[in-house]
Amino acid sequence: MSNMRSLTFDAIIIGGGGSGMRAALELAKSGKKTAVLTKVFPTRSHTVSAQGGITCAIASSDPDDDWRWHMYDTVKGGDYITDQEAAEYMCSEGPKAVFELEHMGLPFSRFDNGRIYQRPFGGQSKDFGKGGQAARTCAAADRTGHALLHTLYQNNLKNNTTFLNEWYAVDLVKNANGDVVGCIAMDIETGELVHVKSKATVLATGGSGRIYSSTTNALINTGDGIGMALRAGIPMQDMEMWQFHPTGIYGAGVLVTEGCRGEGGYLVNKDGERFMERYAPNAKDLAGRDVVARSMVLEILEGRGCGENGDHVYLKLDHLGEEVLGKRLPGIVELAKTFAHVDPAKEPIPVVPTCHYMMGGVATNVHGQAIAQDGDGNDQIVNGLYAVGEAACVSVHGANRLGGNSLLDLVVFGRAAGMFIEQALNEGVDYLEASEDDIDTAMRRVNRWNESEGGESVPELKRALQEIMQSDFGVFREEDNMQKGVQQLAELRERIANAYLPDKSNAFNTARVEALELDNLMEVAEATAIAALERKESRGAHSRYDYPDRDDANWLKHSMYFPLEKRLGQRDVNFAPKTVDMFEPKVRTY
Amino acid sequence: MSMLQVSLYRYNPETDSAPYMEEFQIDTQDRDIMVLDVLHMAKEQDSGLAFRRSCREGVCGSDGMNMNGKNGLACITPLSEVVKKGKLTLRPLPGLPVIRDLVVDMSLFYKQYERIQPYLQNDNPEPAIERLQSPEDRDKLDGLYECILCACCSTSCPSFWWNPDKFVGPAGLLQAYRFLADSRDEATQERLAELEDPFSVFRCRGIMNCVAVCPKGLNPTRAIGKIREMLLANAT
Amino acid sequence: MVTNITNLGRSGLSDWLLQRASAIVLALYSLFLVGYLLFSPGLDYAAWSGLFAQTWMRIFSLLAFVSLAAHAWVGLWTVTTDYIKPTGIRVAAQSIIILAIFVFLVWGIQVLWGA
């Protein structure tokens with residue numbers, strides 16, 4: 001394909017959500033030739049759906065708050081496979097990043113003294129778990145993600161960032177040395193394929209909740225960055241760790257923020273009992289999300305679920321009063337009316353644990369550099385490739401992310417990657433150019449779809465994939481089902497390899513985009529399934545009936561999924577923060 | 001079994017010389033689903049059907065379209081709200097060039113948004129913490145910052161249809177006022193100077209189509225009135 | 001920034017203000033005339049021309065004529081810029097309109113003060 005147009009940038013950022021735009025902002029300010037390549041207009045990215053807030057020890061609600069307490073919560077919340085150096089970096093740099101957002105104009109809600117409003121969220125404590133519930137989540141009503149994403153887009157406009165809007169990254173381009181030197185991308189509007197060359201390629205492609213049939217995630221969350229990296233042979237870390245958010249609206253899957261419980265709402269079963277008091281006597285409804293989600297499933301399985309089929313529970317908010325709901329949770333009131341047909345000021349909202357967040361992703365250091373392993377299992381930087389946000393596994397969330405930590409992750413590590421790339425470019429990087437063969441390799445799958453002449457349809461296969469993941473890799477997991485699931489996924493991979501794209505037109509062909517997304521869903525699903533099957537313990541969000549206990553002797557480790565051999569290895573967790581003593585793994589109770 | 005008759009605006013620039021309406025029969029199983037669900041069902045019948053969608057919960061602003069004559073978001077519009085006599089007609093947002101089917105070229109809309117300098121401007125040295133803002137001052141931003149840039153308002157506004165290159169339109173003006181109203185912003189004079197020509201703000205005739213269609217319940221007409229008040233106070 | 005040279009006040013704000021101020025004058029003038037006609041049942045030429053012979057009525061009428069001219073120019077300028085996209089035709093239309101307004105205004109003044 002030598003007649004293909006090429007574009008050259010110092011840095012290309014794939015994904016226009018919070019982390020991508022935060023990285024882009026840093027690079028745009030530095031004057032580096034940067035572009036954000038995004039398959040949707042930036043403010044349509046999934047960050048926009050974040051509701052409750054951004055957790056950070058800015059010492060507003062409590063002047064004595066300390067980032068070390070936040071770090072402790074984060075490490076404990078992640079069930080001790082959180083990398084402590086990364087958590088230290090995020091929690092200590094966090095305030096700077098949050099104040100920057102405020103200076104950029106983010107319309108945070110306020111306390112009477114004019115400081116940023118903070119609300120309690122799950123898993124938050126003072127004084128290393130000994131001082132009771134903290135209120136550490138900075139909020140713009142219940143539209144924090146929307147406010148954050150728009151603020152970042154606005155400031156990128158201010159700094160003249162180049163946007164390739166409605167462009168779809170198809171695959172990474174690697175040179176003969178295995179360095180990532182750009183990607184093949186498609187301008188969706190015209191269908192033109194373009195070779196985008198860059199010295200730094202940043203995956204900011206977000207999560208992949210759409211591998212499950214029931215998810216809070218946007219329809220665009222198809223794990224495009226993960227899929228591209230896996231096809232390029234790059235291993236994935238902790239892919240078995242999927243967070244199920246306790247409060248997805250029953251039936252619709254739409255998210256209801258943890259902030260509801262932070263503001264005083266609570267869950268009840270069919271008897272009207274506030275059941276979390278039994279499972280987490282101290283934190284109650286504000287225990288870790290994995291704990292609350294499991295408790296809800298147990299209530300349902302033990303026959304105390306609500307509704308005709310007893311398959312959900314209720315989130316009670318009516319006691320908060322219309323004023324608090326209108327002021328602090330206006331978006332939730334709207335969503336509940338639209339998708340659950342209830343007015344939360346009068347009736348409880350039916351909720352059920354719903355796939356929400358991918359803790360795993362491309363292993364990176366705090367600078368966003370992608371990490372693979374050499375033959376001896378030592379960390380090895382992948383030249384030219386970076387990952388930030390949900391697509392990355394830095395790993396600050398370990399086995400279970402705390403509410404409000406995702407937005408902080410986006411801005412802290414987006415910013416960090418931007419700063420590091422600027423420095424690296426200043427020092428000079430020089431990679432071998434990609435050859436025609438390298439480019440052809442990256443073109444292979446889009447060519448496959450374009451040449452397909454028959455076979456199964458994309459929506460049909462996507463549904464099949466989602467059903468496998470939903471039934472065999474949900475909140476509770478178990479060997480036999482997972483074996484079966486892995487087997488079915490292997491068969492599905494064959495079917496997808498022979499699937500059919502009927503519409504070969506060029507102008508805004510969304511069918512082609514969805515076909516390409518299906519390949520990525522497949523990669524993510526298989527990585528998840530194999531990692532879940534192989535991690536023979538229960539930790540954080542990964543909960544097995546057959547291995548109900550945490551096994552620190554064998555599994556106080558990250559998992560590393562190697563796509564070429566479909567093998568699960570391990571990687572050491574970082575227990576070496578730079579300025580504080582490390583937190584020893586302890587039994588995790590709330 | 002009741003079939004919903006859906007009439008869809010179709011246009012593929014590669015194969016069609018002109019746009020046309022195509023009829024689809026959709027089996028809704030009598031459920032009150034969202035218009036977006038109907039579109040997904042239609043796309044299973046014809047994978048070539050093009051429309052934008054992302055969050056499917058009314059916060060990303062991707063799927064603004066014209067449903068039985070009224071602009072709105074497909075993902076939060078239940079059939080019971082729009083379907084008349086068992087029939088649903090879906091067209092792209094009016095007034096913008098169509099790229100394909102329900103997908104419009106929003107460049108002009110975004111250009112007007114960019115023109116109002118939609119970012120906080122404050123050249124004072126940044127404090128070590130956040131800039132303080134009283135809850136009362138923060139309340140002034142409510143009803144403004146929530147805009148999702150879906151373009152439902154601007155594309156239902158005749159003034160924007162006639163002068164999309166010169167009239168900022170309701171969405172852009174709502175954001176212009178969002179920054180004028182922000183106690184932290186210091187570019188009030190510059191912002192007002194950019195808006196006092198006969199088109200940018202003053203092409204608004206106050207017919208309030210924007211208010212009638214805003215899926216987030218915002219009120220651009222009121223914001224435009226506030227801008228006019230500020231311009232007047234500033235110049236007299 | 002959008003620039004224009006053919007609108008009346010060179011600024012949207014002054015046009016807008018002028019449009020509203022002139023509307024008030026026209027409303028008052030219309031109300032006065034309607035009221036005068038209603039409350040003068042046996043109106044004849046002498047009374048009618050007597051009314052317009054008074055200086056205050058002439059000033060009031062002149063104010064109304066000038067307001068009408070301004071109001072018409074601002075309004076019709078808006079209409080031409082909304083609906084007439086080819087520049088040549090638009091400028092021609094605007095020229096005809098402005099000429100007509102000018103003629104009507106001078107004619108009105110002549111009728112009013114010329115007698």
Side-chain angles (χ1 to χ4, degrees), chain B residues 94-95 97 108 111-118 154 156-170 172-173 176-177 180 187-207 209 221 223-236, chain C residues 1-28 30 63 65-102 104-105:
Chain B
L108 273 171
K111 216 172 99 188
Q112 292 299 348
Y113 172 68
E114 287 167 28
R115 219 189 84 201
I116 59 100
Q117 305 192 335
S154 292
S156 68
C157 172
S159 292
F160 189 76
W161 295 341
W162 308 150
N163 290 290
D165 52 337
K166 293 184 186 147
F167 175 51
V168 173
L173 290 170
Y177 184 61
L180 286 166
T188 305
Q189 290 303 322
E190 295 80 353
R191 292 182 188 282
L192 290 177
E194 287 291 319
L195 294 173
E196 64 153 27
D197 65 87
F199 284 96
S200 303
V201 173
F202 289 101
R203 231 4 103 97
C204 169
R205 301 253 94 78
I207 61 166
N209 272 12
T221 306
I224 293 169
K226 297 271 191 188
I227 296 175
R228 270 200 300 249
E229 274 173 33
M230 289 181 84
L231 280 166
L232 197 60
N234 198 38
T236 51
Chain C
M1 162 123 199
V2 180
T3 52
N4 290 278
I5 53 158
T6 54
N7 67 310
L8 188 59
R10 295 293 173 276
S11 123
L13 181 63
S14 61
D15 277 10
W16 179 78
L17 201 58
L18 214 56
Q19 189 84 328
R20 267 131 197 92
S22 58
I24 291 169
V25 171
L26 290 172
L28 290 175
S30 308
L63 186 64
F65 288 0
V66 172
S67 295
L68 185 62
H71 200 86
W73 177 232
V74 172
L76 289 171
W77 180 82
T78 306
V79 173
T80 57
T81 49
D82 267 355
Y83 297 107
I84 311 179
K85 292 302 169 187
T87 309
I89 302 177
R90 186 173 62 247
V91 171
Q94 289 174 347
S95 306
I96 293 166
I97 290 167
I98 204 162
L99 184 68
I101 289 173
F102 180 75
F104 285 130
L105 184 63

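- Between atom CG of residue B/L192 and atom CG of residue C/L13 there is a gap of 9.5 Å, rounded to the nearest 0.5 Å.
- More than 12 heavy atoms of other shown residues, nucleotides or ligands fall within 6.0 angstrom of atom NZ in C/K85.
- Atom OG1 of C/T78 is separated from atom CZ of B/F199 by 7.5 Å, given to the nearest 0.5 angstrom.
- Between C/W16 and B/L232 the shortest side-chain heavy-atom distance falls below 4.5 Å.
- Annotation: the span from C/L17 atom CG to B/R228 atom CZ amounts to 11.5 Å, rounded to 0.5 Å.
- Nearest heavy-atom pair, B/R203 versus C/W77, reported as atom, atom and distance to 0.1 Å: NH2-CZ3, 3.2 Å.
- Nearest heavy atom pair, residue C/T81 against residue B/N163, reads O-OD1, 3.6 Å.
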